[in-house]
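Numbers restart at 1 for each chain; the letters A, B, ... are given by sequence-line order, proteins then strands.
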Number of protein chains: 2
Amino acid sequence: MKDVATRAGVSEISVSRVMRNAPNISDALRRKVTDAANALSYTPNRLAGALKSQSSNLVAVVLPSMSNAVFPAVLDGIESVLDEQGLNAVLGLSGYDPDREVRVIRELLSWSPKGIILTGVHHGEAVRGMIAQMDVPVVQIMDIEGDPIGSMVGVSHSHAAIAAADHLHARGYRRIGYIGAWNERPERSLARRLAFEQQLQHHGTPLVAAHILEDRSSARIGAAATIALLTEHPEIDCIFYANDDLALGGLFYALSAGLDVPRELGLMGFNGLDIGKATPIPLSSIETPRFQMGAKAADLLLRSRTEGPQTVDLGFRVFDGGTT
Amino acid sequence: MKDVATRAGVSEISVSRVMRNAPNISDALRRKVTDAANALSYTPNRLAGALKSQSSNLVAVVLPSMSNAVFPAVLDGIESVLDEQGLNAVLGLSGYDPDREVRVIRELLSWSPKGIILTGVHHGEAVRGMIAQMDVPVVQIMDIEGDPIGSMVGVSHSHAAIAAADHLHARGYRRIGYIGAWNERPERSLARRLAFEQQLQHHGTPLVAAHILEDRSSARIGAAATIALLTEHPEIDCIFYANDDLALGGLFYALSAGLDVPRELGLMGFNGLDIGKATPIPLSSIETPRFQMGAKAADLLLRSRTEGPQTVDLGFRVFDGGTT
DNA sequence: ACCATTGTTGACAACGTTAACAATTCAATT
DNA sequence: AATTGAATTGTTAACGTTGTCAACAATGGT
């Protein structure tokens, strides 16, 4: 910066002000500085700037993993807003491991981010303590039910489960099964299943069986689980899956086996991925606004200085495909 | 840090050394400091640390977008290595826009990252200049053909295209078409198509037609393009797609239309996504090591201090599914 | 007992920027 | 011409760490 200042014949602080385009800068000064800066192709050092100004233009983002198609979309949404505001995301992946999540959050907080976006609402005292100490705005995404640290942006997984149960009941299914994976991590999968079971009970058609896999979700696993569940409980006429990957596996199996979907077997997924809308029979699912969730979370984070913590229910939509 | 030092009854520099676990620290000192640090739940300020030490534990990662399933996997790979080394990724998305990419790179470099991972090998003077000035290690991923700035990790897209052409020829297809999207961004898609066409020519069975869409890839678009291409060129007996999303769309259309795959119509994708292995007929494709690409790129970045720039060909595999 | 070596701790300054305050300029008003 | 106040620029001192160098203690070999 000193070099730029010398070359432009002004003080360092003037360079600083032009670079940040602070108010009350004369055109003459701005010209001199930008010319000098370009000539030297000067890049400001944000580490120093953030250190001094105690605010960093970094936003910490903690997600479980990129292997579930939901989170890339969320990240796209987050970046779309951050980019527009000249902010950068520092990313941490927890791998669904609470200990690793704590470690990652601690690391990210050490960059004094402008805010932090966390996934889910289940965070222990360790996390709450760190956040409180740093006094950093928090937005938690995915869920809107629970005891949040800051703002929440997401959908009601229990309402979504109830809507799914209602939809399947309305379609005439009476002997319904459930397939989940990855030991029902994250917790919201469990919450969803429980609400689903309760609503089926309420309809007088209790869940026939739930098959929870240990592996991570994938279409292949979904197909295998579908076979297993139907073998053990041949009376099942419909399956609700924890996500579209599993459901697609089920659908592909059903197509191969020549089952009459949706008459002989109904299939319902969760998330409403694009791919499910292009299958020979479009997959019925619960559409969740993933991109928007990320965008809104970033947006809320930036507003949270002025407005307080909020809860935003982005809602879901029952996508009535051909599999139910 | 001062508070911790006071509480522990030592100097600030000793706290610093314990926190960084520098060598030559007595157990007694370490105990005192860690106790005090825990009691105060002290989090070091990395901005200050990085500023002073001129090295930041941040790695800049520039990807085009998260909406293509390739990049989340790459990012997972990158994070797996960074996490293990206690580094953090600062992410920037270019949206396939060169101008935006330049802007993003400039932003990320202002954090004095330890290294930067870029996508592709097509970078102009603006980028090269910034990189050179900052003297930061670079790894470019995806391609291994071109004029790199630093190291390259990826696969040979021209070899992959040749392998695809050979495979389809060996399977007996003689009237082959091609479907691409997004105006053949990124450039490697174009390179792949050209190599593919050339190899078909070499076999004496030139490409019947190429259909390049303006929209971004998706299964739905793939189905529509397949219909369009087959309508215009009913003689086509096989289609090579720019990616699996498009190819899956083609496969779903073929299944719905009752076409006899692979006899009446062959289909080949690119990337080897998991979902393509669970479809009623597994999708033939070129498998690319996406996760490994990210992991190797991060690994190379860390080694590049000692070892120089390198080119790593991770290779591909022809996945011989049921659609060819 | 001496010196060289290694291990351990501390004092000080500096990393590159910006907040806070001070000083100057300049146009508008009296 | 004097006065005012806003607009513009400059001076100084940090932000919270760590590199450098110095000092001191412990160790081991002669």
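In this structure, B/Arg7 does not pair ionically with B/Asp35, as no charged nitrogen and carboxylate oxygen lie closer than 4.0 Å. A salt bridge is defined here as a Lys NZ or Arg NE, NH1 or NH2 lying under 4.0 Å from an Asp or Glu carboxylate O, and A/Arg103 with A/Asp99 fails to meet this definition. Between A/Glu145 and A/Arg188, no side-chain nitrogen of the basic residue sits less than 4.0 Å from a carboxylate oxygen of the acidic one, so the salt-bridge criterion is not met.
Here the closest heavy-atom approach between residue B/Ala89 and residue B/Glu79 is recorded as CB-OE2, 3.6 Å. Minimum heavy-atom separation, A/Gly92 to A/Val104: CA-CG1, 3.6 Å. Taking every heavy atom of both residues into account, B/Ser80 and B/Gly77 meet most closely at OG-O, 2.7 Å.
The side chain of A/Ser53 places no N or O atom within less than 4.0 Å of a non-bridging phosphate oxygen (OP1 or OP2) of C/dT18.
At distances below 3.5 Å, not a single donor-acceptor pair connects side-chain atoms of A/Asn183 with backbone N or O atoms of A/Arg185.
For DNA chain D, the contact window with chain B, defined by any atom under 4.0 Å from a protein heavy atom, covers D/dG16 to D/dG19 in 5' to 3' order.
Taking five base pairs at each end of the helix from C/dA1-D/dT30 to C/dT30-D/dA1, the local helix axes there meet at an angle of 30°, rounded to 10°.
Taking a 4.0 Å limit (strictly below) on heavy-atom distances, residues 32-49 of chain A reaches DNA chain C at A/Tyr42, A/Pro44, A/Asn45, A/Ala48, A/Gly49. Residues of residues 12-26 of chain A having a heavy atom closer than 4.0 Å to DNA chain C, listed by number: A/Glu12, A/Ile13, A/Ser16, A/Arg20.
Nucleotide C/dA14 holds its P atom 10 Å from the NZ atom of A/Lys2, rounded to whole Å. Rounded to whole Å, atom P of C/dC15 lies 9 Å from atom CG of B/Leu51. Here the P atom of nucleotide C/dA11 and the CE atom of B/Met1 are 13 Å apart, to the nearest Å.
In this structure the side chain of A/Phe71 never reaches within 4.5 angstrom of the side chain of B/Pro72, judged on heavy atoms. Using a 4.5 Å cut-off on side-chain heavy atoms (C-beta onward), A/Met293 and A/Val155 make contact. Looking at B/Ile144 and B/Val153, their side chains never come closer than 4.5 Å, going by heavy atoms from C-beta outward. With contacts defined as side-chain heavy-atom distances shorter than 4.5 Å, the pair A/Lys114/A/Arg305 qualifies. Side chains of B/Asn57 and A/Trp111 form a contact here, defined as non-hydrogen atoms less than 4.5 Å apart.
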Worked check of side chain to side chain donor-acceptor pair (under 3.5 Å) between A/Glu184 and A/Ser189: CA-CA 5 Å; A/Glu184 299 202 306; A/Ser189 302; over 6 Å; no
CA sep, side-chain torsions, deciding dist, call: A/Ser16, A/Arg20, side chain to side chain donor-acceptor pair (under 3.5 Å): CA-CA 6 Å; A/Ser16 169; A/Arg20 293 178 279 149; 3.0 Å; yes
Kindly give the atom pairs (protein nitrogen or oxygen, nucleotide nitrogen or oxygen) under 3.5 Å for nucleotides 23-28 of chain C.
none

Which atom pairs, one a donor and one an acceptor, fall under 3.5 Å between side chains of residues 128-141 of chain A and the rest of the protein, sequence neighbours left out?
residue, atom, partner, partner atom, Å
A/Arg128, NE, A/His123, O, 3.1
A/Arg128, NH2, A/Asp147, O, 2.7
A/Gln133, OE1, B/Ser41, OG, 2.4
A/Gln133, NE2, B/Leu40, O, 3.3
A/Gln133, NE2, B/Ser41, O, 3.1
A/Gln140, OE1, A/Ile149, N, 2.7
A/Gln140, NE2, A/Gly120, O, 3.4

